[in-house]
Amino acid sequence: MSYESDDDDKPLVFRRNARPDTVKPSPQPSSKPSNEDVDSEDDKPLSCKISNVSKGDTNHAKIEPPGTNVSPLLKPLAKDEEEDSDDEKPLSLKYMSKSKVGSSNNHKPHQNGSASNNHNQVKNIGLNKRPPDEERSASVKKPKLSDSVTPVNHKPVALKAETKSDDDHDDDDVPISQRIKKQTASGSNNPSPSVKQKAVVKKSSSSLNQTNKKSKKMMKQKQKESKYSKPSRMPPGSGEGQKWTSLVHSGVIFPPEYKPHGVKMLYNGKPVDLTPEQEEVATMFAVMLDTDYMGKTQFKENFWGDWQKILGKNHTIKNLDKCDFKPIYEWHQAEKEKKKLMTTEEKKAIKEEKMKIEEKYMWAIVDGVKEKVGNFRVEPPGLFRGRGEHPKMGKLKKRIRPSDITINIGKDAPIPECPIPGESWKEIRHDNTVTWLAYWIDPINSKEFKYVFLAASSALKGQSDKEKYEKARKLKGYIEGIRKAYTKDFGSTDVTKKQVAVATYLIDKLALRAGNEKDDDEADTVGCCTLKVENVEPVPPNTLKFDFLGKDSIRYQNDVNVELPVFKAIQQFRTGKAGNDNLFDKLDTSKLNAHLKELMPGLTAKVFRTYNASITLDDMLARETKGGDVAQNLAVYQVANKEVAIICNHQRTVSKSHDAQMTRLNEKIDELKGVIKELENDLTRAKKGKPPTQSSDGKPKKNLNPEALQKKINQANEKIAKMERDKESKEDLKTVALGTSKINYLDPRITVAWCKRHEVPIEKLFNKSLLAKFAWSMDVDPSFRF
DNA sequence: AGATCTACTTAGAAGTCGCGAT
DNA sequence: ATCGCGACTTCTAAGTAGATCT
C-alpha cells in the first residue's frame with residue numbers, strides 16, 4: 001500500500017547516513033543501514049517514514065494528506081479532550097493510591113526527591129488542588145512581583161535542623177502526586193506550615209508590588225490567554241506568575257579553597273617556582289593533558305592568554321611550548337590512584353563526612369514541601385570546556401565567591417548563612433515569580449547566568465514537565481491543519497510566508513531545532529532558522545542533503561526526499577547567495593514562533609520535537625507490541641526508543657573500548673563454536689557407544705549420555721544466539737544515545753500506561769531518577785494514549 | 001524591529017558505582 | 001579478589017523562548 005499516486009517521488013533516500021561525526025574526536029564510519037522495514041504510509045509519524053526510507057521503499061515525504069490520519073483526536077481539541085489527562089478527575093481518584101489523608105504529623109515538611117513510595121507518608125491536610133496546568137506557568141510571562149532586594153547586610157539565620165528534621169530519611173518520599181495535590185490552589189491559606197521550621201513559612205504577599213506598567217501588560221496578556229485557557233481556578237490572592245508562596249533553603253556550597261601541592265613543572269627543562277595562584281591554573285591545564293583539547297590551538301592560546309595574566313609580565317615562563325606540565329600531571333594521576341586504592345570503609349567515611357556537610361544544602365522547602373535542590377554546588381574554577389570549535393575553550397573559569405551570588409528566597413525565610421566566614425552574598429531577592437534559588441554571572445560569558453534550581457523530582461519541575469507534554473498532545477489536534485496550511489504556503493508568492501512554510505515543514509518532518517541567532521563568541525552551530533546555504537544541498541530531482549553542526553556541535557547528516565515544491569523553494573532561497581549566507585533570510589525564531597502561535601496557542605518550534613518523539617513512541621509501541629514476554633516487550637520498547645533517538649539526532653561518542661569489546665565478543669563466539677563442534681563429535685560417538693575424544697588440554701572428559709550432550713549443545717547454541725544479538729544491538733546503538741529522549745521528549749505516561757497494559761514492571765524502563773522525575777505520571781490510566 | 005536580558009529546558013561527557021565474569 | 005563493563009549520577013554547556021529595552 002502506501003501512498004497516493006504520482007511518482008514524482010523516487011525512493012526516498014532518507015538515510016541518516018553518517019550518524020556520528022561530531023566535530024569532536026569521534027571519527028566515525030558513516031552510513032549505517034538503518035533499521036527495520038515498515039511499510040510506508042504517508043500519514044505515519046515521522047519515525048516510520050524514516051525507517052521506511054532507509055530501506056529505499058517507495059515513499060513520499062508528503063505532508064499529511066488531510067483526513068488520512070485515523071487518529072480520533074485529529075481535530076482541534078475539544079475541551080474535554082484537552083483536559084482528559086486527569087485534571088478533571090476528582091482528586092481522590094487521581095492520586096489515590098499514593099496519598100494518605102489526614103495524619104498525625106503534618107507539621108513536617110514533606111520531603112521530595114525520592115522515587116520510592118513510602119507508606120509512612122504524611123499527607124498535608126490541605127486538600128487544595130494545584131492549579132490547573134495552563135494557569136500556572138504556561139505561556140504568559142508574568143510581571144515581576146517582588147524583586148524586593150534586601151541589602152546584604154543581615155545577620156544570617158541558619159536554616160538548620162529544620163531541613164534535616166529528625167527523620168528526614170524516612171519521610172524522603174512523598175510521591176509527587178501528593179505534593180502536587182497539596183500545592184495550594186486556594187492559595188491563601190497555605191495548608192502546610194512546616195511547624196518545625198524556626199522561621200515560620202508563611203505565604204508571601206504575592207502580587208503586592210506590581211508596578212502599574214506591569215499590571216497593564218499583564219491584563220493584556222490575560223485577555224489574550226483567556227481565549228484558550230481554562231477558567232482560572234486561581235484564588236484571588238495568588239498572582240499570575242507566582243511559582244511559590246514560601247521558599248526556604250540554605251543557599252549554595254562552595255568548592256574548597258585551593259591547596260597547593262608544590263609539585264614543580266618544568267620550563268625549558270628546569271623546575272619553576274609558582275605562586276599558589278599560578279600553580280592552581282597550571283594544574284588545571286596539567287590535568288587536561290590527556291584530553292583532546294591539547295590538540296586544539298584555540299584551547300592553548302586561550303589558556304596561555306589567561307595564565308600569562310596571572311604569571312605577570314616578567315615571569316620566567318614566556319612560552320607555553322617550553323612548558324612541561326608532566327610532573328603535575330603525574331602527581332595528579334598518582335592522587336587519583338591513591339584514591340582508588342583506599343579501602344571501601346575509608347571511602348565510605350569520606351563520603352559520609354561530605355554528606356554531613358552537604359545535607360542541609362540538598363533540600364529546599366517549597367510551600368511546606370521538602371524538595372531536592374538540583375545543583376547546590378557552585379561550579380569550581382577550571383578551564384572552560386566548550387564543545388566543538390568554541391572560541392572560548394581553554395579560558396580560565398574563575399572561582400566564584402559568595403559576593404558573586406544572588407540568593408532568591410521567601411520573604412519570611414531565614415537568609416542562608418554564607419558558608420565562607422567573613423564574606424557575604426551579593427544580593428538577596430524575594431521573587432516568587434521565578435523558580436531559581438540562586439544565580440551568579442557566568443564567568444566565561446558575562447551576558448549569561450548560572451542558576452541553581454530545584455531537582456527534576458520536585459513538584460515545580462514535574463508540573464512544568466507535564467504542561468510541556470500536554471501542550472504537545474494539544475498539537476496533535478492541530479497538526480493536520482498546520483500541515484495543510486504550510487503545504488499550501490509552499491507555493492506562496494510572499495517569500496517570507498514561503499520561508500515560514502518551508503521552515504515549519506523541516507521542523508515538523510525532521511525534528512530540527514528552531515535555531516536561534518548566535519554570537520561570534522560561541523561555537524558556530526545552526527538550527528532550522530539559521531541554516532546556511534551550504535548546509536542544505538538540493539540534488540535533483542527532489543533530494544535535500546543536510547549536513548550541519550547542531551546543538552553541542554553534533555553533526556546532523558541526512559538525505560531526504562521532499563515534495564517538489566519544498567525542493568524548488570530551497571533552490572530558490574539559495575539562488576544568488578554565498579555558501580555561508582542564511583538560507584532563510586527573511587526568518588528568525590521569533591518570527592517563526594509568532595507565526596506558530598497563530599496556528600495554536602502556545603505553539604513554538606520545540607513543541608514539534610516533543611510531539612513527534614512522543615507520538616512516535618506511542619505509535620510504535622501500539623503497533624509493535626505483540627504480547628510476548630517481558631523481555632520481548634522490552635525489546636520492542638528499545639526499538640521504539642531508538643527510533644526516537646535517531647529522529648532527534650541524539651548521539652553519543654563511541655566508547656574507546658568499543659572495538660576491543662566487539663573483538664572479544666567475536667572471539668568468545670568462535671570459542672563457543674569450537675566447543676560445539678567438539679560436543680557434536682562426542683555426541684556422534686556417544687550414540688555409537690564410543691567414549692568422547694580427548695579434550696585438547698588432555699584432561700579426561702566425562703562420559704556423558706547423548707541426551708546430556710545434546711542439551712549442552714543446545715545451551716551453547718542459545719548462548720551464541722544471545723551473543724550475536726548483543727553484538728548486533730551493541731553495534732547498532734554505539735552512536736545512539738537513548739537516554740536523552742527518555743528524559744526530555746517521551747511523555748512518561750505513554751511508557752507507564754504501556755507497562756500497565758503489558759505487565760512490564762516500570763522499573764525495567766525507568767531508573768530511580770526517572771521514577772522520581774516522573775512521579776506525576778505514575779497513576780495514569782492504562783488506556784492512556786498520547 | 002532588533003538587541004539584550006532573563007529564565008528555563010535540553011544535551012553529551014565525565015565520573016562513580018555496583019555487579020557478573022573470571 | 002579483581003577486572004571490565006554498563007548503568008546511573010553529576011556536571012555544566014548549549015540550546016529555546018518570552019520579556020523588556022532601545
Side-chain angles (χ1 to χ4, degrees), chain A residues 22 24-26 137-144 213-214 217-218 221 241 243 288 291-292 336 339-340 344 347 351 374-380 382 384-388 390 392-393 397 408 431 433-436 439 441-442 444-451 453-456 460-461 464-465 468 513-519 522-523 525-530 549-554 588-594 596-597 602-607 609-610 613 648-653 655 657-658 660-661 664 668 726 730 733 735 737-741 743-745 766-770:
Chain A
T22 61
K24 292 166 307 186
S26 56
S137 73
S139 38
V140 200
K141 196 62 192 194
K142 291 71 183 199
K144 290 251 148 107
K213 194 168 86 194
K214 282 170 176 170
K217 183 145 208 167
M218 198 174 86
Q221 275 176 319
K243 298 287 190 1
M288 291 179 75
T291 69
D292 298 314
K336 277 208 304 206
K339 227 171 115 186
K340 234 187 357 206
T344 351
K347 283 186 200 160
K351 218 172 142 190
N375 54 328
F376 51 89
R377 277 180 278 258
V378 169
E379 292 173 19
F384 179 65
R385 295 157 105 105
R387 313 259 171 99
H390 199 296
K392 293 192 169 181
M393 65 170 92
K397 205 169 78 163
N408 189 34
D431 184 352
T433 68
V434 294
T435 66
W436 54 266
Y439 81 79
I441 307 273
D442 181 355
I444 290 296
N445 186 346
S446 58
K447 282 177 283 186
E448 288 177 1
F449 303 148
K450 298 285 200 172
Y451 291 94
F453 289 116
L454 293 174
L460 219 47
K461 293 276 193 195
S464 90
D465 213 26
K468 173 182 78 184
R513 295 188 182 82
N516 282 319
E517 297 292 339
K518 297 193 73 187
D519 278 353
E522 297 176 277
T525 62
V526 303
C528 183
C529 293
T530 41
L549 298 181
K551 182 177 181 180
D552 293 308
S553 293
I554 297 291
D588 62 37
T589 50
S590 55
K591 280 179 199 141
L592 180 68
N593 282 334
L596 293 177
K597 286 205 166 44
L603 185 60
T604 62
K606 80 194 270 273
V607 180
R609 268 170 84 82
T610 312
C648 294
N649 202 35
H650 291 146
Q651 300 192 14
R652 58 176 184 165
T653 41
S655 86
S657 56
H658 176 83
Q661 286 173 31
R664 264 167 52 97
K668 280 193 169 172
D726 288 352
K730 193 183 194 115
L733 292 173
T735 63
L738 297 182
T740 309
S741 48
I743 295 170
N744 299 301
Y745 288 103
F766 289 167
N767 63 31
K768 214 176 104 208
S769 309
L770 288 174

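Here is the naming used below: chain letters follow the sequence lines, and residue numbers restart at 1 for every chain.
Rounded to the nearest 0.5 Å, atoms CG (A/D588) and SG (A/C528) are 11.5 Å apart. For the atom pair CG of A/N408 and OG1 of A/T435, the computed distance is 9.0 Å after rounding to the nearest 0.5 Å. Atom-to-atom distance recorded for A/I444:CD1 and A/E379:CD is 10.0 Å, nearest 0.5 angstrom. Interatomic distance, A/R387 CZ to A/D552 CG, rounded to the nearest 0.5 Å: 4.5 Å.
When distances run from any side-chain atom of A/N516 to the nucleotides B/dT10, C/dA17, B/dC8, the shortest one goes to C/dA17. You'll find that the side chain of A/V434 is closest to B/dC8, out of B/dC8, B/dT10, B/dA11. Of all nucleotides listed (B/dA21, B/dA11, C/dG18), B/dA21 comes nearest to the side chain of A/K668. Comparing B/dG12, C/dA17, B/dG2 against the side chain of A/K606 picks out C/dA17 as the nearest.
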Intermediate values then yes/no, side-chain hydrogen bond (donor to acceptor under 3.5 Å, both in side chains), A/K468 and A/T610: CA-CA 8 Å; A/K468 173 182 78 184; A/T610 312; 5.6 Å; no

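Along DNA chain C, the nucleotide closest to A/T589 and the one closest to A/S657 are compared, and the more 5′ of them pairs with A/S657. Where A/I743 and A/K591 meet DNA chain B, the nucleotide closest to each residue was compared, and A/K591 sits on the side nearer the 5' end. Between A/K339 and A/T610, the residue anchored closer to the 5' end of DNA chain B is A/T610, taking for each the nucleotide with the nearest heavy atom.
A straight line from NZ of A/K243 to P of C/dG18 spans 13 Å, rounded to a whole angstrom. The distance from atom CG of A/N744 to atom P of B/dA11 is 5 Å, rounded to the nearest whole Å. Here the P atom of nucleotide C/dT16 and the CD atom of A/E448 are 13 Å apart, to the nearest Å. A straight line from NZ of A/K351 to C1' of B/dT16 spans 8 Å, rounded to a whole angstrom. As a whole-Å value, the separation of A/D519 CG from B/dC5 C1' is 12 Å. Atom CD in A/Q661 sits about 13 Å away from atom C1' in C/dA7, given to the nearest Å. Rounded to an integer number of Å, the gap from A/D431 CG to B/dC5 C1' is 14 Å. Separating the CZ atom of A/R609 from the P atom of C/dT16 is a distance of 9 Å, rounded to the nearest angstrom.
Between A/K468 and B/dT10, a side-chain N or O to OP1/OP2 separation shorter than 4.0 Å is present. A sub-4.0 Å separation between OP1 or OP2 of B/dT9 and a side-chain N or O of A/S464 is present. For the pair A/T740 and B/dT10, the criterion of a side-chain N or O lying under 4.0 Å from OP1 or OP2 is not met. For the pair A/K597 and C/dG18, the criterion of a side-chain N or O lying under 4.0 Å from OP1 or OP2 is met. Taking 4.0 angstrom as the limit, A/Y745 places none of its side-chain polar atoms (N or O) nearer than this to OP1 or OP2 of B/dT9.
At most 12 non-hydrogen atoms from other residues, nucleotides or ligands lie less than 6.0 angstrom from NZ of A/K339.
Within 4.0 Å (heavy atoms only), A/G739 reaches no atom of the nucleic acid at all. Among the heavy atoms of the strands lying under 4.0 Å from A/F453 is at least one base atom, whether or not backbone atoms are also near. Within the nucleic acid shown, A/K518 comes within 4.0 Å of sugar-phosphate atoms alone, with no base atom in reach, counting heavy atoms only. A/T525 comes within contact range of the sugar-phosphate backbone alone, with a heavy-atom separation under 4.0 Å but no base atom that close. No engagement by A/E517 is indicated, since no non-hydrogen atom pair under 4.0 Å with the nucleic acid exists. Across all strands shown, A/G550 has heavy atoms under 4.0 Å from sugar-phosphate atoms exclusively, and none from any base. If you check every strand for non-hydrogen atoms under 4.0 Å, A/K730 touches sugar and phosphate atoms only. Among the atoms of the strands shown, none is found under 4.0 Å from any heavy atom of A/K336. Counting non-hydrogen atoms under 4.0 angstrom, A/T435 reaches the backbone sugars and phosphates but no base. Note on A/A605: only backbone sugar-phosphate atoms sit closer than 4.0 angstrom, heavy atoms only; bases stay farther off.
Figure legend: cation-pi geometry between A/K461 and A/F453, with NZ or CZ positioned under 6.0 Å from the six-membered ring centre and within 45° of its axis.
Ion pairing between a basic and an acidic side chain is recognised when a charged N comes within 4.0 Å of a carboxylate O; A/K447 and A/D442 show no such pairing.
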Please enumerate all protein N or O atoms sitting under 3.5 Å from an N or O of nucleotides 9-13 of chain C, with distances to 0.1 Å.
{"residue": "C/dT9", "atom": "OP1", "partner": "A/S769", "partner atom": "OG", "Å": "3.3"}
{"residue": "C/dT9", "atom": "OP2", "partner": "A/S769", "partner atom": "OG", "Å": "2.4"}
{"residue": "C/dC11", "atom": "OP1", "partner": "A/R377", "partner atom": "NE", "Å": "3.3"}
{"residue": "C/dC11", "atom": "OP2", "partner": "A/R377", "partner atom": "NE", "Å": "3.4"}
{"residue": "C/dC11", "atom": "OP2", "partner": "A/R377", "partner atom": "NH2", "Å": "3.3"}
{"residue": "C/dA13", "atom": "OP1", "partner": "A/K397", "partner atom": "NZ", "Å": "3.0"}
{"residue": "C/dA13", "atom": "OP2", "partner": "A/K450", "partner atom": "NZ", "Å": "2.3"}

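The aromatic rings of A/W436 and A/Y451 sit tilted, their planes meeting at an angle between 30° and 60°.
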